[in-house]
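What follows is a short report on a single structure.
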Amino acid sequence: MSQKVNISGIVSSAYVHIPFCRRRCFYCDFPVYVVGDRLRGETSGTISQYVEVLCQEIAMTAASGEPLKTIFFGGGTPSLLSIEQLQQILVTLEKQFGIAAGAEISMEVDPGTFDLAHLSGYGSVGVNRVSLGVQAFQQELLQVAGRSHSVVDILTSVELIHQVEIAEFSLDLISGLPHQSLEQWQDSLKQAVTLMPTHISIYDLTIEAGTAFGRYYKPGDKPLPTDETTVKMYETAQQVLTSAGYEHYEISNYARPGHQCQHNRVYWENRPYYAFGMGAASYIEGKRFTRPRKTQEYYQWVKAGGVIDCEVTPPKEVLLETLMLGLRLAEGVSLAMLTQKFGEEKLKEIHQCLQPYLENSWVEVFGGRLRLSDPQGFLFSNVVLADLFEKLG
């Protein structure tokens, strides 16, 4: 099946993958292309070629008739794009799908990869939300993680964001880094709050095969923090950030009231979305499809017409995905929605599977919704979900 098909259902979100990075971080297993310290948005060569092919893919994709309400530029390091390249992509999206008034247009940016002129330019072409990849506020931990920025870069970048007055400012941190102490983590949380982002994402380090960390360490190895310490880090983040007025609205995400990431909610609510670029995964017409993860293979795929040949996700997998993603949200999943989509018998089966966790208060039923408790249910979400997958799969 090619992408030139009539798409049923409402698709109003798009993820755009920009793979370029100055260097590969030691924990990263995303599809990236390392360009070193080349100039941002080079007018010829690797980045410009990629943007051209990316726009070809967008232009060959059938529209559902609904304008885009959220667009997310992820990576990689999208802030290595020039203003003109970003505008080229947005113009292509607008032409192909339309962009709704007031759409949330998010862009991941790294400290030290933009100046005032570039950030202002991004805002002028439509970006109204930036996610700053800080990860840590200790220079030694930035080096341990293989990051290419410094603490000074972080503070300078935040100052620029406040100067430009980007409407939504999110900040990313990583817990569980090698050599990271609980005291350092507490310090990072306090510094993050001081910088006044409207949104904070907290990610617990996962050791992935094929990464530098995957070669250096195995889970549980020193100098990685112990499980006891990483649990304490999670609990500390929840305490510090909620006390500072952030709502813990998703396992790894906190936001000021009214500032949740609308694009990411599309994923957690298991709604359809377009995706474009190397290694990007879309979910359209009940089909999940991941594009080639290597640059030349992606280019060849687009040149061949961007053919998508995959099966519709079976109902059983849709159920498990709905539970896996929806239970990440603090409000959980609607019991009425589960009944409507999967039937009363399936809902009874879910309740039976979760009974032990309802009894120990890791899982709750509240206001007609099934949810994990905070923080204990969130902390042990993998245990709960593994049991659901085993019994319902």
Side-chain angles (χ1 to χ4, degrees), residues 1-18 30-31 53-74 89-90 92-100 103-106 261-293 297-329 333-334 336-343 346-347 350 388-389 392-393:
M1 181 193 79
S2 83
Q3 286 187 286
K4 273 293 187 185
V5 296
N6 292 321
I7 296 176
S8 59
I10 296 174
V11 187
S12 58
S13 293
Y15 172 78
V16 182
H17 190 69
I18 307 298
F30 294 128
V53 176
L54 176 70
C55 288
Q56 289 174 33
E57 185 196 352
I58 294 169
M60 71 168 65
T61 302
S64 71
E66 184 81 7
L68 297 175
K69 295 177 182 176
T70 73
I71 301 169
F72 196 103
F73 289 90
I89 299 168
L90 285 168
T92 307
L93 288 167
E94 168 70 48
K95 182 178 179 180
Q96 191 67 15
F97 307 108
I99 298 176
E104 177 191 84
I105 303 179
S106 301
C261 179
Q262 296 308 306
H263 182 85
N264 285 344
R265 286 193 65 96
V266 171
Y267 303 147
W268 299 321
E269 293 171 10
N270 209 22
R271 289 185 271 148
Y273 52 89
Y274 303 106
F276 306 105
M278 187 176 97
S282 56
Y283 182 41
I284 298 174
E285 292 189 311
K287 302 180 181 72
R288 295 193 184 276
F289 180 80
T290 301
R291 285 137 192 82
R293 289 176 59 94
E297 291 177 7
Y298 168 66
Y299 290 172
Q300 288 300 316
W301 176 77
V302 173
K303 185 178 180 180
V307 175
I308 292 178
D309 187 13
C310 58
E311 300 297 322
V312 173
T313 306
K316 185 182 294 185
E317 288 186 27
V318 175
L319 170 62
L320 292 172
E321 289 173 353
T322 300
L323 292 170
M324 176 183 69
L325 296 165
L327 287 175
R328 294 186 62 90
L329 288 165
V333 293
S334 163
M337 179 275 291
L338 290 174
T339 302
Q340 181 182 3
K341 289 184 70 172
F342 306 105
K346 188 58 66 174
L347 187 62
I350 293 168
L388 279 172
F389 272 65
L392 298 177

| message | Before you tell me yes or no, could you show the steps for Val11 and Arg271 under side chain to side chain contact (heavy atoms under 4.5 Å, CB included), namely the whole-Å CA-CA distance, both residues' side-chain angles and the distance that decides it to 0.1 Å? | response | CA-CA 8 Å; Val11 187; Arg271 289 185 271 148; over 6 Å; no
| Do Ile71 and Leu68 have side-chain heavy atoms sitting under 4.5 Å apart? | yes
| query | Distance from Glu269 atom CD to Asn264 atom CG, nearest 0.5 Å? | reply | 11.0 Å
| task | Indicate whether any N or O donor in one side chain lies under 3.5 Å from an N or O acceptor in the other, for Ser282 and Arg291. | result | yes
| field | Closest heavy-atom pair and its distance - Ser12, Glu66 | value | CB-CG, 3.6 Å
| task | Please name the pair of heavy atoms, one in Lys316 and one in Gly393, separated by the smallest distance, quoted to 0.1 Å. | result | CD-C, 3.6 Å
| message | Are Leu54 and Ile18 packed together at the side-chain level, in the sense that at least one heavy-atom pair is separated by less than 4.5 angstrom? | response | yes
| query | To the nearest 0.5 Å, what is the distance between CD (Gln96) and CD1 (Ile58)? | reply | 8.5 Å
| field | Within-4.5 Å side-chain heavy-atom neighbours: Phe289 and Asp309 | value | no
| message | If you define the side chain from C-beta out and look only at heavy atoms, does anything of Val333 sit under 4.5 Å from Leu325? | response | no
| message | What's the separation between atom NZ in Lys341 and atom NZ in Lys346, rounded to the nearest 0.5 Å? | response | 14.0 Å
| query | What's the shortest heavy-atom distance between Cys55 and Thr92, and which atoms? | reply | SG-OG1, 3.4 Å
| field | side chain to side chain contact (heavy atoms under 4.5 Å, CB included) assessment of Ile308 paired with Ile284 | value | CA-CA 11 Å; Ile308 292 178; Ile284 298 174; over 6 Å; no
| request: Could you pull out the closest heavy-atom pair between Ala280 and His17, with the gap in Å? | output: CB-CB, 4.2 Å
| task | State, with a plain yes or no, whether a side-chain heavy atom of Thr70 is found less than 4.5 Å away from one of Arg265. | result | no
| message | Could you check whether any side-chain N or O of Trp301 sits under 3.5 Å from a backbone N or O of Val307, counting only pairs where one atom can act as donor and the other as acceptor? | response | yes
| Glu57 side chain vs Gly277 backbone, donor-acceptor pair below 3.5 Å | yes
| task | Apply the ring-ring contact (aromatic ring centres under 6.0 Å, His included) test between Tyr274 and each candidate in Tyr15, Tyr283, Phe97; give the one that qualifies. | result | Phe97
| Is any side-chain heavy atom of Met337 less than 4.5 Å from a side-chain heavy atom of Thr322? | yes
| said: Applying ring-ring contact (aromatic ring centres under 6.0 Å, His included), can you list everything that pairs with Tyr267, at least two apart in sequence or on another chain? | reply: His263, Tyr273
| field | For the student: nearest non-hydrogen atoms of Tyr298 and Pro292, plus distance | value | N-CB, 3.7 Å
| For Gln262, does its backbone N or O pair with a side-chain atom of Glu104 as donor and acceptor, under 3.5 Å? | yes
| Test item: Leu90 and Ile105 side chains (from C-beta on) under 4.5 Å apart, heavy atoms | yes
| About how many Å separate OG1 of Thr313 and CZ of Arg288, when rounded to the nearest 0.5 Å? | 6.0 Å
| said: Taking CD in Gln340 as the centre, count heavy atoms belonging to other residues, nucleotides or ligands within less than 6.0 Å. Is the count above 12? | reply: no
| said: Do Ile99 and Pro67 have side chains that approach each other closer than 4.5 Å (heavy atoms only, starting at C-beta)? | reply: no
| remark: Nearest heavy-atom approach of Ala100 to Lys69 is CB-CG, 4.2 Å
